[in-house]
There are 2 protein chains.
Amino acid sequence: MPRRVDHEERRAHITAALLRIAGTRGLQAVSMREVAAEAGISLRLVQYYVSDKPTLLRLGLDELAARLDRRIRERAAARGAGLAPRAVLEVVLTSILPVDEASRLDRMAWSAYFAVALTDPALLAGATNHPDALEDWLTTVLVRARDSGDVNSGREPRTEVAALLALTNGLSDSVVGGQRDADAALAILDYQLDRLFDRSTPA
Amino acid sequence: MPRRVDHEERRAHITAALLRIAGTRGLQAVSMREVAAEAGISLRLVQYYVSDKPTLLRLGLDELAARLDRRIRERAAARGAGLAPRAVLEVVLTSILPVDEASRLDRMAWSAYFAVALTDPALLAGATNHPDALEDWLTTVLVRARDSGDVNSGREPRTEVAALLALTNGLSDSVVGGQRDADAALAILDYQLDRLFDRSTPA
DNA sequence: GCCTTGGTGGTACACCTGTATCATCAAGGC
DNA sequence: GCCTTGATGATACAGGTGTACCACCAAGGC
């Protein structure tokens, strides 16, 4: 037998190179040859470890989702166990926002993926990506907060969560778009959370 | 002299074809030949009336901005003169949201443009597109509303407006992304506006 | 020691892209 | 009547794309 190689690790290496290109030069700059060059390997090897270009793109999308998941867990771990409802929302939403260079590049790549996914349903097919799951979970968190009195009973948890997620996505786009910096986006997010968790506010 | 042709009208025809493709099949499906076919003319004519591909893409972006402007004015005109602050916000924000097929296709095209603009600053160069101008204007509207007592004095107009615009953009993406329909997005927007214009709410 | 077999290199092929070029047509001025 | 000139057609060209193919290498089983 010839020497064997960890395919999974190789694919991860290639995927990282792909996302580096997608985040800096856009998805339209992603070709098999460019990915090979960025990964420092030959075109043949990209073909060998990643059969198709569709497969390659799918790898990138999955990695992007995995990175977001990792960011959320890391941020949650950094704040310890037994997080208050507001802290949970802060952790999740600030994990989505592009607050440093790495998350900024990932958000750029994500925007590119979002655009092509709109007209290429093949990319989404079978994706584990379920934004609704996140929304459901945060809604239960907010329901608990309302029941315990941290949030006024007049608020509709599901609507509030949907709005917060949409707001965070819109803010993220404005940050990568250069309309404002991350701190400004964080301030707006905080402003909204302050209002939501102000029990002195009726309705 | 041979017969002369209205170049402006021809370019508009070509631009419309371009945006039809961008909205249905994405910007990556936009080639000179595809645009020609969609416009029902020859490749040579696309070259003749629109010299470059960069020029073509720029035409599409400008038209997209012009259409949004038109939508806002039409919606405003439909509601008569002397609009209350809340009505102004409703007009602007619901004009951004993809509420019908036409605005849905335009939003799709816009998302594609946004993605490539992130890594291709040449597209933005010299663009009349100024989201900040819209934000400034709406802020003055909200300041007036606060001074006249329609909005609680504890609110920060600039932050509220920035949040509403980001929210609307996020909601728009969720609509074209198929996460929810236009009515659901409108409901969320209304929910937020109701809260903002509720004077009984302190802070 | 050979031979199977996973890894690798190089390259060719068909296709699509943006753009340039050559030619033609037709309407009016002189 | 010709000739200038705006509008159009057809096509060629160079470059980039995804993918397929052919050769080769080297490590271990028998």
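Labels below follow one simple rule: chain letters A, B, ... track the order of the sequence lines, proteins then strands, and each chain is numbered from 1. Reckoned from all heavy atoms, side chains included, excluding hydrogens, waters and symmetry mates.
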Nucleotide by nucleotide, 5' to 3', does protein get under 4.0 Å of the base (B), only the sugar-phosphate (S), or neither (-) in nucleotides 19-24 of chain C, counting heavy atoms? BBB---

How close or far is atom C1' of C/dC16 from atom CD of B/Glu34, stated in whole angstroms? 10 Å

Ignoring backbone atoms, establish whether B/Ser42 has a side-chain N or O less than 4.0 Å from OP1 or OP2 of D/dT8. no

Closer than 3.5 angstrom, by distance alone: can the side chain of A/Asp52 be matched with the main-chain N or O of A/Pro54 as a donor-acceptor pair? no

May I have the distance from B/Arg11 (atom CZ) to D/dA7 (atom P), rounded to whole angstrom? 13 Å

Given C/dT8, D/dG6, C/dT17, identify the nucleotide with an atom nearest to the side chain of B/Ser31. C/dT17

A/Leu27 CG to D/dT17 P, straight-line distance once rounded to whole Å: 14 Å

Separation of C/dT11 atom P from A/Leu45 atom CG, nearest Å, is 15 Å

B/Tyr48 vs D/dT8: side-chain N/O to OP1/OP2 distance below 4.0 Å: no

Start with the C-alpha distance between A/Thr119 and B/Arg25, add both sets of side-chain angles, then the distance that settles side-chain hydrogen bond (donor to acceptor under 3.5 Å, both in side chains), and finish with yes or no. CA-CA 5 Å; A/Thr119 53; B/Arg25 284 179 288 154; over 6 Å; no

Side chain B/Asp100, main chain B/Ser103, donor-acceptor under 3.5 Å: yes

Given C/dG7, is OP1 or OP2 found less than 4.0 Å from the side-chain N or O atoms of A/Tyr49? no

Under 3.5 Å, which donor-acceptor pairs link side chains of residues 66-84 of chain B to any protein atom two or more places apart or in another chain?
{"residue": "B/Arg67", "atom": "NE", "partner": "B/Glu63", "partner atom": "OE2", "Å": "2.8"}
{"residue": "B/Arg67", "atom": "NH1", "partner": "B/Asp106", "partner atom": "OD1", "Å": "2.8"}
{"residue": "B/Arg67", "atom": "NH1", "partner": "B/Asp106", "partner atom": "OD2", "Å": "3.4"}
{"residue": "B/Asp69", "atom": "OD2", "partner": "B/Arg73", "partner atom": "NE", "Å": "2.8"}
{"residue": "B/Asp69", "atom": "OD2", "partner": "B/Arg73", "partner atom": "NH2", "Å": "3.1"}
{"residue": "B/Arg70", "atom": "NH2", "partner": "B/Glu63", "partner atom": "OE2", "Å": "3.2"}
{"residue": "B/Arg71", "atom": "NH1", "partner": "B/Asp106", "partner atom": "OD2", "Å": "3.3"}
{"residue": "B/Arg71", "atom": "NH2", "partner": "B/Asp106", "partner atom": "OD2", "Å": "2.7"}
{"residue": "B/Arg75", "atom": "NE", "partner": "B/Thr94", "partner atom": "OG1", "Å": "3.3"}
{"residue": "B/Arg79", "atom": "NH1", "partner": "B/Glu90", "partner atom": "OE1", "Å": "3.0"}
{"residue": "B/Arg79", "atom": "NH2", "partner": "B/Glu90", "partner atom": "OE1", "Å": "3.3"}

Whole angstroms only, please: what is the CD-P distance between B/Glu9 and D/dG6? 19 Å

Checking the side chain of A/Asp181 only, and the main-chain atoms of A/Ala184 only, is there a donor and an acceptor separated by less than 3.5 Å? yes

Taking only side-chain nitrogens and oxygens of A/His7, does any of them come within less than 4.0 Å of OP1 or OP2 of C/dG6? no

Just so I know, are the side chains of A/Val176 and A/Trp110 near enough to count as touching, which here means a heavy-atom distance under 4.5 Å? no

Check the distance between C/dG6's P and A/Arg10's CZ and give it to me in whole angstrom. 16 Å

What is the distance, rounded to the nearest whole Å, between atom CG of B/Asp6 and atom P of D/dG6? 16 Å

Six-ring centre of A/Tyr191, A/Arg195 cation under 6.0 angstrom, axis tolerance 45°: yes

